[in-house]
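In what follows, a single structure is set out as structure tokens and then discussed.
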Amino acid sequence: QVQLVESGGGLVQAGGSLRLSCAASGSYFSINVMGWYRQAPGKQRDVVAAITSGGSTNYVDAVKGRFTISRDNAKNTVYLQMDSLKPEDTAVYYCNAGVVHFRDRRNTYSYWGQGTQVTVSS
């Protein structure tokens with residue numbers, strides 16, 4: 001099994017910064033794409049940013065220029081640096097990992113973290 005443990009959420013004023021971390025543990029062959037999603041109350045869970053094992057990144061338009069996703073493959077950890085935060089960034093942030101297992105290297109399995117609350121006050 002694979003576990004994703006997130007940390008770094010909290011309460012911050014508009015214009016402030018937070019850094020989220022997500023560490024993967026367990027037994028697996030490799031991790032492909034890792035990403036951050038968020039879900040505001042009453043809304044669906046949407047992708048915020050993603051990064052491949054090679055370091056290629058993608059961002060949703062709403063966070064471009066403000067958020068930076070990075071990854072330490074040696075530590076199996078993905079980060080989300082969030083700057084210039086806005087009240088509309090308030091949500092529960094979830095980490096996601098695409099995992100390849102030893103027993104089945106042809107498929108990628110999706111795992112989720114437990115979520116961390118980010119609240120931005122105006």
Side-chain angles (χ1 to χ4, degrees):
Q1 268 293 358
V2 176
Q3 287 188 325
L4 301 177
V5 179
E6 300 146 345
S7 60
L11 173 64
V12 64
Q13 288 188 332
S17 299
L18 284 173
R19 189 191 193 211
L20 306 182
S21 300
C22 171
S25 63
S27 178
Y28 49 84
F29 178 71
S30 67
I31 299 179
N32 294 335
V33 177
M34 298 187 80
W36 288 96
Y37 290 67
R38 64 187 180 186
Q39 186 169 19
K43 296 188 177 180
Q44 67 180 20
R45 188 178 300 185
D46 291 321
V47 64
V48 174
I51 184 168
T52 69
S53 57
S56 296
T57 59
N58 274 295
Y59 299 90
V60 67
D61 285 345
V63 308
K64 284 181 180 177
R66 301 188 297 120
F67 290 10
T68 303
I69 189 170
S70 61
R71 178 171 174 170
D72 186 335
N73 289 329
K75 295 182 178 180
N76 300 314
T77 300
V78 64
Y79 306 95
L80 186 68
Q81 177 66 42
M82 304 185 293
D83 298 318
S84 302
L85 282 160
K86 303 176 180 180
E88 51 263 44
D89 294 318
T90 296
V92 178
Y93 283 70
Y94 295 91
C95 172
N96 178 268
V99 177
V100 178
H101 286 288
F102 288 105
R103 68 178 186 275
D104 180 11
R105 299 186 189 183
R106 294 176 297 177
N107 294 303
T108 300
Y109 294 81
S110 180
Y111 288 87
W112 293 92
Q114 80 283 2
T116 185
Q117 177 70 46
V118 171
T119 303
V120 184
S121 62
S122 58

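We use all heavy atoms of the structure for the numbers below, so side chains are in, but hydrogens, waters and symmetry mates are not.
Applying the side chain to side chain contact (heavy atoms under 4.5 Å, CB included) test to Asp72 and every residue at least two apart in sequence or in another chain returns Ala74, Lys75, Tyr79. Listed by chain and number, the residues in a salt bridge (Lys or Arg N to Asp or Glu O under 4.0 Å) with Asp104 amount to none (sequence neighbours excluded). In terms of the ring-ring contact (aromatic ring centres under 6.0 Å, His included) criterion, Tyr28 has no residue partners (sequence neighbours excluded). With sequence neighbours excluded, the residues that form a ring-ring contact (aromatic ring centres under 6.0 Å, His included) with Tyr37 are Trp112. Annotation: salt bridge (Lys or Arg N to Asp or Glu O under 4.0 Å) contacts of Lys43 (sequence neighbours excluded): none. Applying the side-chain hydrogen bond (donor to acceptor under 3.5 Å, both in side chains) test to Asp89 and every residue at least two apart in sequence or in another chain returns Arg38, Arg66. When the salt bridge (Lys or Arg N to Asp or Glu O under 4.0 Å) test is applied to Arg45, no partner is found at least two apart in sequence or on another chain. Val100 meets the side chain to side chain contact (heavy atoms under 4.5 Å, CB included) test with Phe29, Ser30, Asn32, Arg105, Thr108; sequence neighbours excluded. Remark: Tyr94 pairs with no residue by the side-chain hydrogen bond (donor to acceptor under 3.5 Å, both in side chains) rule, at least two apart or across chains.
In this structure, Ser70 and Val78 have side chains that are not in contact, with every pair of non-hydrogen atoms separated by 4.5 Å or more. Using a 4.5 Å cut-off on side-chain heavy atoms (C-beta onward), Ser110 and Asn96 make contact. Looking at Val2 and His101, their side chains come closer than 4.5 Å, going by heavy atoms from C-beta outward.
Hydrophobic cluster membership is shared by Met82 and Val12, with clusters built from Ile, Leu, Val, Met, Phe, Trp and Tyr side chains linked at under 4.5 angstrom. Val92 and Val47 fall within the same hydrophobic cluster, where Ile, Leu, Val, Met, Phe, Trp and Tyr residues are linked whenever their side-chain heavy atoms come under 4.5 Å apart, directly or through other members. Leu80 and Tyr111 fall within the same hydrophobic cluster, where Ile, Leu, Val, Met, Phe, Trp and Tyr residues are linked whenever their side-chain heavy atoms come under 4.5 Å apart, directly or through other members.
Of all non-hydrogen atoms in Gly8 and Leu18, the two that sit nearest each other are O-CD2, 3.9 Å. Across all non-hydrogen atoms, the minimal contact from Thr90 to Ala40 is O-CB, 3.8 Å.
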Please set out all donor-acceptor pairs under 3.5 angstrom arising from side-chain atoms of residues 115-122, sequence neighbours excluded.
unit_1	atom_1	unit_2	atom_2	d
Thr116	OG1	Gly9	N	3.3
Gln117	NE2	Ala91	O	3.4
Gln117	NE2	Thr119	OG1	3.3

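Other residues, nucleotides and ligands contribute over 12 non-hydrogen atoms within 6.0 Å of the CD atom of Gln39.
The side-chain hydrogen bond (donor to acceptor under 3.5 Å, both in side chains) contacts involving residues 9-26 comprise Ser17-Asp83, where partners must be two or more places apart or lie in separate chains. Evaluation of the side-chain hydrogen bond (donor to acceptor under 3.5 Å, both in side chains) test over residues 50-60, restricted to residues two or more places apart or in two chains, returns none.
The CG atom of Leu85 sits 5.0 Å away from atom CZ of Phe67, with the distance rounded to the nearest 0.5 Å.
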